Structure formats: structure tokens, C-alpha cells
Amino acid sequence: MSRRFEAPKGTFDQLPPASGSRAEVERIMLEQARLAGYQPIETPIFEDTAVFARGVGEATDVVQKEMYTFSDKGGRSLTLRPELTAGVVRALIEHGRLTTGLTKVVCSGPQFRYERPQAGRQRQFSQVDIEAMGSDAPAIDADVVLVGHEVFRRLEIPVTLLLTSLGDPVCRPAYREALLAFLNGLGDKLPAAARARAEQNPLRVLDMKDPLVEELTAEAPLMRDFLCGACKAHDEAVRELLAGAGVEWVEAPRLVRGLDYYVRTTFEWQAGSLDAAQNALGGGGRYDGLSEALGGPPAPGIGWALGLDRTVLALEQAGRLPADPWRLDALVLPLVPAAVVPAQGLVRDLRRAGLVADLPYVERTLNGHMKAAAKAGARTVVILGEQELAAGQAAVRDMTARDQLPVPLDQVVDHVRRVAGGGAP
RNA sequence: GUGAUCGUAGCUCAGGUGGUUAGAGCGUCGGGUUGUGGUCCCGAAGGUCGGGGGUUCGAGUCCCCUCGGUCACCCCA
């Protein structure tokens with residue numbers, strides 16, 4: 001026997017029926033985006049390495065140690081996308097979509113980061129992402145957040161929205177200096193890891209989990225108190241709009257992003273139900289300036305992404321996974337050779353009517369077929385035996401009611417629709 | 001990248017101090033007499049004990065290496 005293979009480290013397979021629930025979560029997110037006017041966009045899974053290096057930021061951990069970078073046979077340096085925003089912005093710039101007006105897009109798909117896997121953190125992971133580019137109006141910030149609010153509402157999953165403003169190139173440098181001064185003032189009381197981080201990106205010291213660091217930085221200056229007039233006005237307008245839309249949030253002045261492009265409005269949804277370190281189900285923020293960094297025209301933007309795998313995990317733990325929508329409405333069962341052709345025709349008609357219909361394809365006793373149909377959750381079984389054929393009928397069994405009726409062949413579709421549509425658990 | 005922990009049938013797990021043909025439950029398949037279901041009864045299939053090396057008369061059980069899972073740090077959605 002030859003060697004058996006396993007999925008590569010940090011990747012996983014999605015098999016039915018769990019894959020059905022997962023697809024349903026993705027569908028709900030895409031649907032909410034569509035209702036809010038976001039149009040589908042698709043970009044390559046790999047890009048010129050520089051797109052991410054410049055877009056995400058040379059100094060970030062993502063770029064420095066987590067990218068899947070390789071050379072193709074033409075000697076180009078390419079990178080499997082570690083996130084979606086940079087590629088989307090590159091595409092919008094390339095096709096001249098950022099010169100005028102507002103562009104709202106949504107996309108979904110796998111991304112890749114070389115990390116040590118754990119629950120909710122895989123080397124290949126999927127996100128559903130929305131981006132709105134071309135406006136710095138606070139209303140668009142609220143619009144983007146509202147999409148997420150509705151998604152989590154529909155999924156009936158308890159989340160907390162963390163919200164803050166990271167300032168902009170006008171006010172952040174002064175804050176950075178103040179924070180750095182504060183951290184330096186702590187001297188060697190600060191652990192080495194924190195001091196090292198302070199040199200790279202002092203803001204990130206604020207979200208370290210080391211209790212000692214938390215204690216030492218309890219009185220650290222906060223960006224919130226350093227916002228310039230424009231940022232402050234923007235922030236207040238966003239909050240007013242969100243409050244008006246009934247969105248609740250928690251102030252998170254220490255919320256920090258690991259991607260360099262974020263400015264001003266920044267947010268994250270945390271799962272209350274997810275008992276894991278990776279509990280951010282979705283997050284994002286404003287990234288004015290990213291377009292310019294990628295060689296495009298000035299075009300402010302904001303967006304966020306839903307972590308699909310984590311959201312499914314959280315739904316699982318909360319016992320709220322959406323039902324798998326692939327359950328059979330009708331299993332059509334030809335009992336004699338002469339019934340095979342009419343059965344195929346029935347299946348075609350049922351499917352045309354939008355019902356999930358299938359044949360068994362395997363040899364089994366009638367008893368066996370019934371057992372299998374029950375186990376699979378089929379709502380009806382349409383039996384075509386000798387007697388039924390002779391009468392031009394099918395026996396349609398309602399599996400929930402355990403009730404069976406002879407139905408003329410040309411009425412089977414309507415009958416199944418009535419039975420299957422009615423009693424949905 | 002650092003630390004910890006685990007790895008026995010498709011799934012969840014048993015397998016004292018190493019000792020004949022490795023077990024259970026669930027699941028799967030078949031049967032419980034003519035064409036009818038999830039409970040019940042009977043039966044069957046299914047395992048190079050993650051992989052490699054070592055110690056030993058003998059290893060699923062001990063040692064080393066390696067691969068993978070999980071958890072925390074780190075990072076992030």
C-alpha cells in the first residue's frame with residue numbers, strides 16, 4: 001500500500017455536513033453586504049510581494065515573518081495573500097476605480113499566514129471582507145460597521161464591538177512620542193520583551209497580555225487624549241451615527257492593530273462565547289493613505305473582515321450553527337427497473353422547482369433505503385414501484401408525519417413542495 | 001519563533017509495574033422471510049497502535065528523533 005497523506009500543517013478539510021453550515025455563514029455575510037450595496041470583487045490569491053510589503057507595512061510581524069513568499073519560474077517574487085485589503089486596493093487602483101465617487105466591494109476567500117496553528121488560527125484561513133473607498137465621511141464608517149452589526153444579529157451570536165480611534169499622521173506622531181517617553185520613564189521595570197516592542201511599535205505594548213506590563217502601563221497616555229481636531233470631530237460623528245443606528249460598543253482605547261495602514265476609526269468584534277485566545281471574529285478600520293502607499297491616487301478607505309473559521313467555531317460553541325441547507329426535500333426511489341427512467345424525470349422536475357431531490361444510486365432493500373432516508377433527514381420519499389407505475393402515480397411519504405399518499409405523477413412536485421415547505425425543523 | 005501537553009478502528013476512548021491472535025461505545029454495512037424509517041435484537045467489515053530508529057528473548061506500553069493535533073505566549077480576523 002502506498003503512503004497516506006495528511007493535509008499540511010495548519011490547514012484543514014471542510015467536509016459535509018459541517019461544510020454546509022460554514023457555507024451558510026459565508027452566504028449570510030455576503031447577503032448582508034449585498035443588501036448594503038457592496039458589489040462582488042475577486043482578486044488573485046497571490047500578488048507581487050511588494051503589494052503586501054508596502055501595503056501592510058515592512059515592520060509588521062505579518063510581513064516580517066508570516067508570509068508565504070516564493071519565486072515563480074520567471075523569477076518574480078510572489079506572495080500568497082496574508083490579508084485581503086492590499087490586493088483589493090491594488091486592483092481598484094490598477095483599473096482606475098478610485099478617481100471618482102465611492103466604491104463599495106465585498107470579497108471572500110482563503111488567505112495564508114505562516115504561524116503556529118491553534119484553535120481559530122490556521123495557516124490557511126478564510127475571511128469575508130468589505131471595503132468602501134473614496135470617501136472620508138463618518139457616515140461610511142458607520143455604514144461599514146452596521147453591516148457587521150447586522151451579520152452578528154442574524155447569526156444570533158453574542159459579540160462585543162470594541163471601538164477606538166488611532167488618530168492620523170497629524171496627531172499620532174505626538175502621541176507616539178508621549179507614549180515612548182512614558183515607557184522609557186519606566187526604565188528596567190519594563191520586561192525586556194516590552195522594551196523590544198516599544199522600539200518597533202510602542203502602541204503595541206498596550207495590548208500585551210503580561211499582567212506586569214498591564215499594571216505598569218495602566219496610567220500610560222492614550223491616543224484618545226491626543227486626537228487632533230479633525231480626528232476628534234470624525235470620531236464623534238461616527239459615534240453619533242452608530243448610536244443613532246442602535247449599535248452598542250465598548251470603548252477600547254488600547255485596541256491596537258498589527259497592520260500599519262490603519263488610521264482613525266478602528267474596531268473589532270469579540271466573541272463572548274468563544275473560550276479561546278483567538279476570539280476576534282472580525283475587525284478592521286480606516287486606511288486613508290493606503291492607496292497612495294500603493295502608487296494610487298488619494299483615496300480614503302475603510303473596511304473590515306469577518307474571520308469565517310472563527311465565526312463558525314464561535315457558533316459551534318454557542319450551539320447556534322445554522323442548519324445545513326442541503327437536506328433532501330425528496331428522495332426518489334425506483335423499486336423496479338421500469339421505474340428508473342420516470343424516477344429520473346421526477347428528479348429533474350423537482351430540481352427545476354427549486355427542491356433538493358436525489359436518487360439513491362446504491363442497491364439496497366426498501367428497508368435499507370428508508371433507514372438511510374431517515375438518517376439523512378429527507379423530508380419526503382417518493383416511491384415508484386410496480387403498483388404505482390401501473391396507476392400512473394407515486395407514493396409520496398411524509399417522513400415527519402410518517403404518512404403516505406398516492407399522488408398522480410404530474411402532481412408530485414406540488415405535493416412535495418407542500419410537505420417539505422411546511423414542516424421545517 | 002518560545003514553552004507545555006497529547007497522538008490506539010471513520011469518531012470518542014479503554015488498554016496497572018513491557019509478555020500469547022489489540023478491545024468497547026458510537027458510526028458504517030448486512031439480517032430480524034414478499035414493498036416501508038430513526039428505538040430494539042443478531043451479525044459482519046474496519047487498526048502498518050502517527051512515522052523512523054533504539055533498548056529487550058519480547059514494546060501500543062521504556063528511550064531518542066521526526067511529523068501532526070491541542071493550549072498558552074507571540075500575532076491577528
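All values reported here derive from a predicted model rather than from experimental measurement. Letters go in sequence order (proteins before strands), and every chain restarts at 1.
- You'll find that the side chain of A:A280 is closest to B:rA77, out of B:rG31, B:rA77, B:rC73.
- When rounded to the nearest whole Å, the span between CG of A:N367 and C1' of B:rC41 equals 14 Å.
- No engagement by A:S126 is indicated, since no non-hydrogen atom pair under 4.0 Å with the nucleic acid exists.
- Rounded to a whole angstrom, the distance from the P atom of B:rG51 to that of B:rU56 is 23 Å.
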Per-pair distances, 0.1 Å, donor-acceptor, side chain in residues 360-369 of chain A, under 3.5 Å, sequence neighbours excluded:
unit_1, atom_1, unit_2, atom_2, d
A:Y361, OH, A:D358, OD1, 2.8
A:T365, OG1, A:G368, N, 3.0
A:H369, ND1, A:T365, O, 3.3
A:H369, NE2, A:V362, O, 3.3

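- Considering CD of A:Q387 and CD of A:Q393, their distance stands at 10.5 Å, rounded to 0.5 Å.
- For the pair A:R351 (side chain) and A:V356 (backbone), a donor-acceptor distance under 3.5 Å is absent.
- A close approach under 4.0 Å does occur between a side-chain nitrogen or oxygen of A:R197 and OP1 or OP2 of B:rC75.
- Annotation: B:rA14 and B:rC26 have their C1' atoms spaced 15 Å apart (nearest Å).
- The side chain of A:R113 has B:rC76 as its nearest neighbour among B:rG35, B:rG38, B:rC76.
- No contact: A:Q111 has no heavy atom under 4.0 Å from any strand.
- The base of B:rG35 lies outside donor-acceptor range of the side chain of A:Q404, with no N or O pair under 3.5 Å.
- Using a 4.0 Å heavy-atom distance criterion, A:Y262 is classed as a sugar-phosphate-only contact.
- For A:P117, counting side-chain heavy atoms from C-beta on, the closest listed nucleotide (B:rG1, B:rG69, B:rC75) is B:rG69.
- Under 3.5 Å, the side chain of A:R364 and the base of B:rC29 form no donor-acceptor pair of N or O atoms.
- For B:rA77, one of the phosphate oxygens OP1 or OP2 lies less than 4.0 angstrom from a side-chain nitrogen or oxygen of A:R257.
- Among the nucleotides B:rU36, B:rG35, B:rG32, the one closest to the side chain of A:E386 is B:rG35.
- Judged by closest nucleotide on RNA chain B, A:P8 is the one of A:L306 and A:P8 placed further toward the 5' end.
- The nucleotide whose nearest atom lies closest to any side-chain atom of A:E388 is, among B:rU2, B:rC74, B:rG35, B:rG35.
- Taking a pair as Watson-Crick or G-U with both hydrogen-bonding distances under 3.5 Å, the stems of three or more pairs touching RNA chain B are B:1-7 with B:67-73, B:10-13 with B:23-26, B:28-32 with B:40-44, B:50-54 with B:62-66.
- The C1' atoms of B:rA9 and B:rC29 are separated by 15 Å, rounded to the nearest whole Å.
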